[in-house]
Amino acid sequence: MRKFIPGFLIFTAFLMALSSDLIAQKKINVKKQFELAEKQYALMLKTHPDTDKTPQSVNPDGSLRDMPTTWWCSGFFGGSLWQLYEYSKKPQWKDAAHLWTMAIQKEQYNKGTHDLGFMVYIPFGRGYQMTANPLYKKAMLNGAESLSTRFDPKVGVIKSWNNFKGHKYPVIIDNLMNLDFLFWASRETGIKKYHDIAVTHADNTIKNHFRPDNSSYHVVLYGPDGKLDGRVTHQGAADESAWSRGQAWSLYGYTSIYRDTKDGKYLDQAIKIADFFINHPNLPADKIPYWDFNAPNIPNEERDASAAAIVSSALFELAGYADKDRKSKYTSMAIKMLESLSSPAYRAKLGENNNFLLKHSVGHKPGKSEIDVPIIYADYYYLEALMRYDKLRK
Ligand code: GLY
């Protein structure tokens with residue numbers, strides 16, 4: 001039997017869909033945001049032609065802060081340039097992205113850091129996706145091997161830093177962001193070791209890094225036999241606080257681990273983290289978090305636009321894996337975050353903000369470094385979130 005649906009209901013639904021789309025289009029004009037980003041990064045390239053150091057942030061004296069390629073953020077500028085190429089298809093962005101990607105090629109052999117997912121996989125991976133350049137693939141395979149040397153099977157996790165206040169095996173929550181790199185390398189080469197390291201790290205992080213409320217510690221200190229020596233913070237407000245970017249990395253991390261494995265326990269973990277983040281009573285109305293959910297002087301604390309950009313991008317993806325209710329909740333939250341980031345409160349105008357795209361991020365407040373400034377990774381995840389939003393609407 002055919003169901004009869006009154007015409008006015010169809011029309012109302014049509015109008016609602018149309019108007020919500022129009023509202024979204026009005027608030028986030030992806031084309032305009034990318035056009036502005038192209039102009040801002042063209043100025044960045046003009047004023048910062050030296051590829052020995054990559055644009056990072058702004059110094060307290062207002063000058064551009066740039067960092068050597070060994071710095072954990074060195075891949076984000078190249079990664080952002082690849083995104084300008086992906087969106088615009090203009091050859092000038094491909095050339096610039098290639099230049100800034102190759103500028104950090106020596107980091108593929110860097111065994112002194114866990115951050116190779118950010119430094120190598122982001123620029124070379126985006127470049128490889130766009131061009132299939134075999135040089136990029138080679139750099140990534142070397143990078144994945146370098147990263148894997150930081151895994152000790154007796155401990156069961158990838159070591160983040162070589163030393164933290166005398167502890168020899170600290171692991172930070174951010175480390176989850178490296179696992180997509182290892183899963184890729186395993187698929188590409190058939191080497192099972194990379195897959196096994198990633199899964200073991202992901203499982204032990206669920207076991208040891210999370211609190212009963214699904215927030216995470218920043219740093220877990222492991223002994224040589226894998227026993228826990230402590231759980232502390234480095235960049236958060238307190239050992240027991242929820243540092244916002246740490247929560248963002250873990251949400252993005254488990255979303256991508258689910259994509260790589262299709263194992264439901266990682267989806268469950270990502271959902272628990274998302275629900276902690278988006279339902280937190282200290283998340284402000286514009287959905288851009290304070291730098292720490294438990295910062296002592298809320299509401300008089302700095303926001304962290306970078307955490308919002310990472311979460312917005314992650315939620316667009318997670319929405320695609322979640323049930324119907326969560327899909328709509330996560331999508332609307334991702335859009336709200338992106339709307340705020342695209343508003344004049346956070347989005348820089350042409351010629352200001354040392355040519356970075358977003359204002360108001362916090363790098364390391366307890367270390368008195370990069371407080372309420374633009375930071376390159378906020379720009380990178382903002383561009384990614386814009387593209388994910390754009391794809392959703394096509
Ligand atoms: N991975 C360090 C940070 O998020 O600041």
Would you please indicate if the ring centroids of [X] and [Y] are separated by under 6.0 Å?
X: Y321; Y: Y258; answer: yes
X: F181; Y: H114; answer: no
X: Y381; Y: Y252; answer: yes
X: W161; Y: H234; answer: yes
X: H218; Y: H209; answer: no
X: H201; Y: F151; answer: no
X: F293; Y: H280; answer: yes
X: F76; Y: Y380; answer: yes

Of F118, F277, Y254, W243, the residue whose pairing with W249 passes ring pair (Phe, Tyr, Trp, His ring centres under 6.0 Å): F118
Atom pair CH2/OH of W184 and Y194 - distance to nearest 0.5 Å: 9.5 Å
Minimum-distance pair of heavy atoms, taken over all atoms of M119 and T69: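 Here M119 and T69 meet closest at CE-O, 3.6 Å.
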Closest contact, heavy atoms only, L357 versus D379: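 Smallest heavy-atom distance, with atoms named: N-OD2, 2.8 Å.
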Those residues that, when tested against K192, pass salt bridge (Lys or Arg N to Asp or Glu O under 4.0 Å) (two or more places apart):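 Per chain and number, K192 pairs via salt bridge (Lys or Arg N to Asp or Glu O under 4.0 Å) with D196.
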